[in-house]
There are 2 protein chains.
Amino acid sequence: MNKGQLIDQVAAELGDSKASASRAVEAVIHSITNGIKEDSNVTIVGFGTFTKKNRAARTGRNPSTGEPMQIRASTTVGFKPSASLKETL
Amino acid sequence: MNKGQLIDQVAAELGDSKASASRAVEAVIHSITNGIKEDSNVTIVGFGTFTKKNRAARTGRNPSTGEPMQIRASTTVGFKPSASLKETL
DNA sequence: GATCGATCAACTGCCCCTTGTTCATGTTGG
DNA sequence: CCAACATGAACAAGGGGCAGTTGATCGATC
């Protein structure tokens, strides 16, 4: 499923236009993004929890050359699916 | 951020009521859930990709007793954040 | 009030992340 | 609708981080 298909399904579920569904999808994704950014986590009961994670610098490997290289400290996003999401699948 | 706060922010972004925002959030989450279920992945460009993952049975540990135990095969959901989501944080 | 989520313990298989390249796919504004 | 552009997926080797287990408790949410 891509964004266009997601918008289609949201429009069907809301019984609304695709333009309106598109705005809804944008607003939801943008709000989740801001929640992760500002609060470090977003919990959606029954779906899962997004968590901002800081990863320390570490030594990795350049797969092209095989040489060890330093991977800089970074920030990423984890997602823990809720039990009921997993049961839905 | 919890779901109520998410709905608040979506309502602000859409300039709409909380009830309407709540329906939008529900529709988006439900549509993502269905996309994961039916297509095994949902890609939202600029946010990330949800992927249905099948995990084989394996041996784990009961942390209560220390005894080895068999973890059944299961289905879970992975999330790979997009590069631009990570840059946003 | 019932349900869900977070936390914790020990252990181990799976996953993340690096560079560079290529190709495919997706998005969006005209 | 479509073209231009952007984004994502895949792959290589290796090591650190994470998922998942049970059971209990507590807090939050619906």
Side-chain angles (χ1 to χ4, degrees), chain A residues 1-9 18-19 21-23 25-26 29-30 33 35 39-89, chain B residues 1-8 18-19 22-23 25-26 29-30 33 35 39-89:
Chain A
M1 180 187 262
N2 60 33
K3 192 168 168 183
Q5 293 163 334
L6 175 63
I7 288 167
D8 287 345
Q9 191 167 337
K18 286 186 182 161
S22 179
R23 287 191 294 273
V25 170
E26 289 294 337
I29 294 299
H30 188 245
T33 300
D39 293 352
S40 297
N41 71 78
V42 176
T43 299
I44 302 171
V45 169
F47 183 69
T49 299
F50 296 93
T51 308
K52 181 160 71 171
K53 299 181 174 185
N54 298 301
R55 301 202 61 178
R58 66 190 191 271
T59 302
R61 212 131 283 245
N62 182 334
S64 302
T65 65
E67 298 290 318
M69 66 172 300
Q70 197 64 1
I71 303 174
R72 288 181 295 274
S74 63
T75 303
T76 189
V77 176
F79 176 74
K80 184 177 179 180
S82 73
S84 63
L85 174 59
K86 292 198 275 187
E87 283 163 17
T88 299
L89 302 179
Chain B
M1 179 187 263
N2 61 33
K3 194 167 170 182
Q5 293 164 332
L6 175 65
I7 289 167
D8 287 346
K18 284 184 185 167
S22 179
R23 286 192 294 273
V25 170
E26 288 295 336
I29 294 299
H30 187 245
T33 300
D39 293 353
S40 297
N41 71 78
V42 176
T43 299
I44 301 172
V45 170
F47 182 68
T49 299
F50 295 93
T51 308
K52 181 159 70 172
K53 297 182 173 185
N54 298 301
R55 301 205 60 174
R58 66 189 193 272
T59 304
R61 225 36 50 180
N62 182 335
S64 301
T65 64
E67 297 291 318
M69 66 172 299
Q70 196 66 2
I71 302 174
R72 287 182 295 272
S74 62
T75 302
T76 187
V77 176
F79 176 73
K80 184 178 179 178
S82 74
S84 64
L85 173 59
K86 292 198 275 188
E87 284 163 16
T88 298
L89 304 179

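A note on names: the letters A, B, ... follow the listed sequences, proteins ahead of strands, and every chain is numbered from 1.
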Of the listed nucleotides C:dC16, C:dT27, C:dA10, the one nearest the side chain of B:R61: C:dA10
Heavy-atom closest pair, residues B:K3 and A:I44: CD-CG2, 4.3 Å
Given C:dG20, C:dG26, D:dT21, the nucleotide with the shortest approach to the side chain of B:M69: D:dT21
Nucleotide D:dC30, atom C1' - distance to CG of B:L6 in whole Å: 15 Å
Selection from C:dG5, C:dT18, C:dC15 that lies nearest to any side-chain heavy atom of B:K53: C:dC15
Sugar-phosphate only, base, or nothing, as touched by A:S74 at under 4.0 Å among non-hydrogen atoms: nothing
Interatomic distance, B:Q70 CD vs C:dG13 P [rounded to whole Å]: 11 Å
Interatomic distance where CZ belongs to A:F79 and P belongs to C:dC16 [whole Å]: 14 Å
Interatomic distance, A:N2 CG vs C:dT27 C1' [rounded to whole Å]: 9 Å
Short side-chain to backbone donor-acceptor contact, B:S82 and B:V45, under 3.5 Å: no
Side chain of A:P63 - closest among C:dT18, D:dA19, D:dT21: C:dT18
Closest to the A:T76 side chain, choosing from C:dC17, D:dT22, C:dT28: C:dC17
A:V45 side-chain proximity, nearest of C:dG5, D:dG20, D:dG8: C:dG5
Sugar-phosphate, base or nothing in reach of B:G4, heavy atoms under 4.0 Å: nothing
Atom-pair distance (NZ on B:K3; P on D:dC30), nearest Å: 6 Å
Sugar-phosphate, base or nothing in reach of A:G78, heavy atoms under 4.0 Å: nothing
Nucleotide D:dC18, atom P - distance to CZ of B:R58 in whole Å: 15 Å
First of A:I71 and B:N62 reached from the 5' end of DNA chain D, by closest nucleotide: A:I71
Plane angle bin for A:F50 and B:F79 - parallel if under 30°, tilted between 30 and 60°, otherwise perpendicular: perpendicular
Whole-Å distance separating the NZ atom of B:K80 from the C1' atom of C:dC17: 9 Å
Sole candidate of B:V77, B:D39, B:T76, B:T75 that passes side chain to side chain contact (heavy atoms under 4.5 Å, CB included) when paired with B:K52: B:T75
Phosphate-side-chain proximity, B:R55 and C:dC14, N/O vs OP1/OP2 below 4.0 Å: no
Contact nearer the 5' end of DNA chain C, comparing A:E26 with A:S64: A:S64
Min side-chain heavy-atom separation B:Q70-B:T59 under 4.5 Å: yes
Main-chain N/O of B:S84 paired to B:T88 side chain as donor or acceptor, under 3.5 Å: yes
Distance test, side-chain N/O of B:T43 to OP1/OP2 of C:dT25, below 4.0 Å: no
Per B:T49 side chain, nearest of listed nucleotides D:dG8, C:dT18, C:dA10: D:dG8
B:A83 vs A:T59, nearer the 5' end of DNA chain D by closest nucleotide: B:A83
Separation of C:dA6 C1' from A:I44 CD1 (nearest whole Å): 17 Å
